[in-house]
Protein chains: 2
Amino acid sequence: MKLSTRGRYSVRIMLDLAIHDNEGPVFLKDIAQRQQISEKYLWQLINPLKVMGLIKSVRGANGGYSLARRPSEITLRDIIQVGEGSLSLVECVDNALGCDRSDLCVYRDVWMEATRKMLETFESLTLEDMVLRHHEKFRKIAEKDPL
Amino acid sequence: MKLSTRGRYSVRIMLDLAIHDNEGPVFLKDIAQRQQISEKYLWQLINPLKVMGLIKSVRGANGGYSLARRPSEITLRDIIQVGEGSLSLVECVDNALGCDRSDLCVYRDVWMEATRKMLETFESLTLEDMVLRHHEKFRKIAEKDPL
DNA sequence: GCTAAACTCTACCAAAACAGTAGACAAACT
DNA sequence: AGTTTGTCTACTGTTTTGGTAGAGTTTAGC
């Protein structure tokens, strides 16, 4: 029932990239430092995002990562899908077959509905939304606790 | 993100008890046979349901288990809560503290909302609903494939 | 009382998933 | 040539999951 750290890191990484979206490629090293993850582990999280086409990379010196689409065109569902591998609460939601009790089971419909409702939230939010929320939150903190 | 087998077995066990609700205490042995679980493992699943007050037991010969409340007064949320231990998609939904990034993080609201939507489904369905669905499904199978 | 039927409790265990670490390699800028 | 940066693969310790097993306790019925 819990999201794994992979899923949670994935959305944080993507938000980091979105925040620095118009500054050219972002170094793995910098993301690692900001998000407090080792570079090696970060690569394991960021690579699937590249493979799945959510971000692109530039190799060599002065390389780095950047979003493959505009922030408004990437939903949290897209990201979490990559981080978690599957988005369904129960295996049978993805493939009806494989459950030998499918003819008797009354729960598949329930798992499907619960999954659908959960995903509504993730589909309704884009990286653009999250950047706005982030800036809003940062602004409020600055107001409350001015230097 | 996946429900564990404990959660899924728990709702099946409770449905089994609900179906035989007016026949006196149900033997662990019988549930085990119908649900294809070993009696020992079944006890480990059923005992928390008793401890949490969803079912009651009678010890000794001719003992067994029965629902502690009417089927219409037990929701899937009640059951899954026991089976899974926690109902939130991310730890921070339960306890806001403990996350050192809570001041910067924009995702807690998202996890809360997604969890809430998912739980809507589980809260809206009672064991009575599931018994009805079960009988309906059984009736349709019988029509389709008469002996 | 004795016995059999049933629930109770605790300990243990193997496999899988999770959360990383580590090191060698490849590409590209300067 | 050398440095910076991304790429790939292998390995590993810990936790969770999904059980098994066995000894003990309570009660009905003879």
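Lettering of chains follows the sequences in order, A, B, ..., and the numbering in each one begins at 1. Please read these numbers as outputs of a predicted model, since none were measured by experiment.
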Give a yes-or-no answer on whether the side chains of A:T126 and A:E73 include a donor-acceptor pair shorter than 3.5 Å. no
Near DNA chain D, counting only heavy atoms under 4.0 Å, which residues of residues 5-22 of chain A show up? none
What does nucleotides 24-30 of chain C look like as a protein-contact string, B for base, S for sugar-phosphate only, - for none, at under 4.0 angstrom between heavy atoms? B-BBBSS
Rounded to the nearest Å, what distance is computed from the [atom1] atom of residue [X] to the [atom2] atom of nucleotide [N]?
X: B:N47; N: D:dT25; atom1: CG; atom2: P; result: 17 Å
X: B:K29; N: C:dA4; atom1: NZ; atom2: P; result: 14 Å
X: B:I46; N: C:dC9; atom1: CD1; atom2: P; result: 13 Å
X: B:Y41; N: C:dT8; atom1: OH; atom2: C1'; result: 18 Å
X: A:K2; N: C:dA19; atom1: NZ; atom2: P; result: 13 Å
X: B:Q44; N: D:dG22; atom1: CD; atom2: P; result: 15 Å
X: A:L28; N: D:dT7; atom1: CG; atom2: C1'; result: 10 Å
X: B:L45; N: C:dC9; atom1: CG; atom2: P; result: 15 Å

May I ask you to verify if any side-chain N or O of [X] is less than 4.0 angstrom from the OP1 or OP2 atom of [N]?
X: B:W43; N: C:dT8; value: yes
X: A:S57; N: D:dG6; value: no
X: B:S4; N: D:dT17; value: no

How would you label the contact of A:K56 with the nucleic acid (heavy atoms, under 4.0 Å): base, sugar-phosphate, or nothing? nothing
With sugar-phosphate meaning primed atoms plus P, OP1 and OP2, does A:V51 contact a base, only sugar-phosphate, or nothing at under 4.0 Å between heavy atoms? nothing
Return whichever of A:L3 or B:F27 has its heavy-atom-nearest nucleotide of DNA chain C closer to the 5' end. B:F27
Checking B:E91 against A:R8 for the side chain to side chain contact (heavy atoms under 4.5 Å, CB included) test, could you report, in this order, the C-alpha distance in whole Å, the side-chain angles of both residues, the deciding distance, and whether it holds? CA-CA 11 Å; B:E91 194 58 32; A:R8 302 199 312 275; over 6 Å; no
Ion pair B:E113/B:R116, N-O distance below 4.0 Å: yes
Taking 4.0 angstrom as the limit, do A:K29 and A:E39 come out as a salt bridge? no
Does the side chain to side chain contact (heavy atoms under 4.5 Å, CB included) test come out yes or no for B:S66 and B:L17, once each step is laid out? CA-CA 6 Å; B:S66 53; B:L17 285 176; 5.7 Å; no
Please check: side-chain N/O of B:D78 versus main-chain N/O of B:T75, any donor-acceptor pairing under 3.5 Å? yes
Would you kindly confirm whether B:L49 and B:F27 end up in one hydrophobic cluster when ILVMFWY residues are joined by side chain heavy atoms under 4.5 Å apart? no
With hydrophobic residues grouped by side-chain heavy-atom distances under 4.5 Å, do A:M130 and A:F138 end up in a single group? no
So, do B:E128 and B:V131 sit near enough that their side-chain heavy atoms are less than 4.5 Å apart? no
In short, ring pair (Phe, Tyr, Trp, His ring centres under 6.0 Å) pairs touching residues 51-107 of chain A with sequence neighbours left out are A:Y107-A:W111
Has the side chain of B:E39 got a donor or acceptor that lies under 3.5 Å from a partner of the other kind on the base of D:dT20? no
